[in-house]
Amino acid sequence: MNKVADYNPREAAEKLGLLPEEYDQIVEFLDGRIPNFTELSIYSVMWSEHCSYKNSIKLLKTLPKEGPAILAEAGEENAGLVDIGDGKACAFKIESHNHPSAIEPYQGAATGVGGINRDIFTMGARPIAQLNSLRFGDPSEDRTKWLLKGVVKGIGDYGNSFGIPVLGGEVYFDKSYNQNPLVNAMSVGIVDIEKTISATSHGVGNPVFIVGSSTGKDGIHGATFASGDLSDDSADDLPSVQVGDPFQEKLLLEASMELAELDAIIGMQDMGAAGITCSTSEMSAKGGCGMDIYLEKVPTRQADMQPFEILLSESQERMLVVVKKGREEEVQEIFDKWDLNCVEIGEVTEGPSLRYFMNGELVAEVPADSCVLGGGAPQYARESREPEYVKEIEKFDPASIAVPSDLKQVAHQLLGHVNIASKKWVTEQYDSMVGTVNMSTNRPSDAGIASIKGTNKALAMTVDCNSRYVHSDPKKGCSIAVAEAARNITCSGGVPAAITNCLNFGNPYNPEAYWQFEGAINGMSEACRKFETPVTGGNVSFYNQSTIAGTTVPVFPTPTIGMIGVIEDKEHITPLSYSEEGLELLLLGPVTDDIASSQYLVAIHDVEFSPAPSFDLDEEYKVQKAVQNLITSGRVQAAHDLSEGGLFVALAEMAFDSGIGFEVSGPVDIRQDAFLFGEGQSRIVLAVSSADSAAVKAELEEQGVQALPLGTTGGSEATINAKSYGSIKELQNIHGTALSIMMEK
């Protein structure tokens with residue numbers, strides 16, 4: 001099998017990123033036979049961090065995955081699948097495209113969007129919404145602006161052309177992301193349960209088809225590229241960045257939807273990381289079978305591609321389909337109609353071997369199960385050690401921080417800070433209306449909301465993570481990320497159902513980075529069990545750091561939480577903005593003196609090290625349950641959670657849509673900067689009518705939830721403790737223009 005002169009398998013394995021003990025394990029799987037270069041290439045991508053999760057799977061197994069509505073547990077299918085009633089299911093998933101976006105931001109982000117949508121529609125689900133979570137470095141640096149422009153344009157161009165609305169997201173800046181941005185893309189789709197397509201293969205003799213685009217040399221070893229540190233030389237790996245075509249993807253979507261209407265296929269899987277290698281091995285391992293694949297039959301864009309190049313290519317808009325024997329013509333007709341490749345490249349065989357041929361020569365043979373997560377892929381537990389910076393956090397003394405004399409000026413500075421200000425410069429480049437499912441365009445809510453056609457229900461969805469909190473305290477910070485996602489769903493009128501996650505961390509061989517990862521997993525587990533939101537799957541992205549001039553700089557640990565919830569009755573959809581004068585404003589949850597890890601503390605006082613903000617999981621759950629009950633009873637006019645910027649920012653955001661002001665006051669026995677700008681958790685502002693106020697307060701008291709009457713809506717000013725903080729129009733101008741001004745500098 002493809003013998004090469006002077007071939008040193010151990011040296012080749014090392015160059016491909018395989019450890020010496022992993023090479024020995026491969027030889028065992030091959031019954032003592034020395035692997036050839038193509039076989040080593042197969043294992044190098046399938047056992048890469050990106051595909052095998054070898055340094056995270058042991059911890060991932062501890063996450064709660066079961067629930068009454070779960071139709072596919074984590075790792076079983078291309079995406080999570082949750083029963084939402086009425087015979088329908090929601091397929092959803094979030095994944096990263098960080099390293100490609102750091103090298104080529106436009107294509108890196110665009111192909112991230114394309115890949116995550118394919119994960120949804122290969123299950124037979126039609127994507128209805130996209131979300132994204134983006135992290136960039138110092139906003140004053142030219143490189144940051146270049147990355148932001150490229151990523152946003154890539155997401156916008158691909159998503160808009162593909163025709164799926166963007167219903168939510170977040171953009172965050174910190175110098176820790178200077179060289180290594182984070183680009184996390186989420187897709188949400190709906191499928192009739194009985195039409196769900198599985199990512200499996202079985203039935204000896206069933207034909208195997210490759211459908212969609214032709215195979216090129218883009219993305220070869222992309223999974224390996226994503227499983228290592230970025231460095232000064234990473235730009236040399238540009239071929240590892242895939243190139244996408246949203247119009248081809250749209251055709252592939254429509255063909256897949258037609259395919260889902262037939263009972264003609266066994267299974268289908270997207271060709272994402274590791275291309276043909278990944279899809280053939282994972283589908284075969286799941287079905288307990290093998291495959292014979294004839295690589296010369298694969299449609300290619302370049303002549304004379306080598307076997308390993310065809311196998312490892314991550315060219316976009318391709319899928320593998322196992323067809324029921326005798327139904328080939330029906331499948332072929334669908335793809336012919338949409339002018340797409342549909343080529344038989346092999347057949348299902350008795351397990352367990354995957355055999356790859358090129359022009360009659362057997363070029364590689366490996367056991368399918370030996371390649372995959374949960375099968376023969378290695379599983380490690382790495383060393384963990386508390387970072388040195390934790391000692392700096394423990395030294396934080398809030399008493400050393402003086403309360404500013406001019407809180408109005410502080411309020412204006414925070415409203416104009418890029419991490420708090422409006423992200424309209426970004427979101428206006430996305431189409432949020434295509435598909436006519438968006439129900440939160442006219443009156444924004446804390447979560448994106450999509451109508452579920454044919455029912456009176458809606459889906460609420462969000463992505464959340466405050467990475468500064470996680471950096472300060474990984475366990476608490478990740479629990480907060482889950483809780484805030486749930487809070488956004490709750491404030492919008494929904495009940496949290498399940499999560500997907502995108503876990504962005506540093507090098508797992510760095511004990512301090514692994515300590516952060518361990519803590520985050522523990523915090524996620526605890527919060528998900530409390531909210532009964534099982535983890536349906538997601539993505540682990542390690543090696544998010546940069547080696548610049550010999551110094552390694554890890555990003556803030558960023559376990560992004562993507563959450564969906566169900567709004568049982570569209571009448572319960574609740575906006576974040578109030579629209580009437582004379583409404584009473586109530587602050588639910590604990591009022592504290594806490595300024596820790598707040599944007600106020602960092603931006604105004606330049607304090608980088610402080611604990612995560614106050615948080616009690618039981619209190620959080622109690623507050624959210626109370627709000628869900630109040631919304632269901634029809635007594636809430638608007639609801640908005642407190643996050644970055646604290647109470648002042650929340651009140652201002654509630655006022656922007658209508659332009660109606662507010663007059664509020666608060667306790668004088670706590671720090672006024674903490675009252676206005678602190679980010680203590682488990683707090684929600686409700687706007688209720690005066691007629692409902694007494695009943696709302698009584699119900700909250702009965703449920704043991706603190707409720708502080710703040711004041712009322714009215715006028716055109718933001719008035720706090722009898723002092724004007726400016727007109728709503730003035731505040732909105734500060735909030736709405738800050739990011740665009742930054743980008744123009």
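Hydrogens, waters and symmetry mates play no part in the numbers below; they use all other heavy atoms, side chains included. As the structure is a computational prediction, the values presented were derived from the model and not from experiment. Counting begins at 1 with the first residue of the sequence.
- By the 6.0 Å contact criterion, NZ on Lys153 is open, its count of non-hydrogen atoms from other residues, nucleotides or ligands being 12 or less.
- In this structure, Lys15 has no side-chain contact (heavy atoms from CB on, under 4.5 Å) partners at least two apart in sequence or on a different chain.
- Thr144 meets the side-chain contact (heavy atoms from CB on, under 4.5 Å) test with Phe136, Glu141, Phe173, Asn178; sequence neighbours excluded.
- Look at Glu392 and Lys395 and you find a salt bridge, because one of the NZ, NE, NH1 or NH2 atoms lies within 4.0 Å of a carboxylate O, short of that distance.
- Electrostatic pairing of Glu49 and Lys54 does not count as a salt bridge here, judged by no charged N lying under 4.0 Å from a carboxylate O.
- A distance-only check finds a donor-acceptor pair linking the side chain of Thr500 to the backbone of Gly537 [under 3.5 Å].
- Applying the side-chain contact (heavy atoms from CB on, under 4.5 Å) test to Asp473 and every residue at least two apart in sequence or in another chain returns Lys475, Lys476, Ala612.
- Using the six-membered ring where Trp is involved, Phe542 and Tyr514 have ring planes that are tilted, between 30° and 60° apart.
- Proximity of a side-chain donor or acceptor of Gln107 to a complementary backbone N or O of Gly244 within less than 3.5 Å is detected.
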| Stepwise side-chain contact (heavy atoms from CB on, under 4.5 Å) check, Trp425 with Met743 | CA-CA 9 Å; Trp425 183 89; Met743 294 303 294; 3.7 Å; yes
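- Separation of the Tyr389 and His471 ring centroids falls under the 6.0 Å cut-off.
- For Asp397, the CG atom counts as densely surrounded, since its 6.0 Å shell holds more than 12 non-hydrogen atoms of other residues, nucleotides or ligands.
- In this structure a side-chain-to-backbone donor-acceptor pair under 3.5 Å is present from His99 to Tyr543.
- Comment: Arg135 engages Glu170 in a salt bridge, judged by a side-chain N to carboxylate O separation of less than 4.0 angstrom.
- A salt bridge links Asp174 with Arg468: at least one charged nitrogen is closer than 4.0 Å to a carboxylate oxygen.
- For Glu512, there are no side-chain hydrogen bond (donor to acceptor under 3.5 Å, both in side chains) partners at least two apart in sequence or on another chain.
- With sequence neighbours left out, the salt bridge (charged side-chain N to carboxylate O under 4.0 Å, His left out) criterion links Glu383 to Arg385.
- Salt-bridge formation is detected for the pair Asp119/Lys93: a Lys NZ or Arg NE/NH1/NH2 atom is positioned less than 4.0 Å from an Asp or Glu carboxylate oxygen.
- With sequence neighbours excluded, no residue forms a side-chain hydrogen bond (donor to acceptor under 3.5 Å, both in side chains) with Ser610.
- Salt bridge Glu608/Lys175: present, at least one basic N to carboxylate O contact under 4.0 Å.
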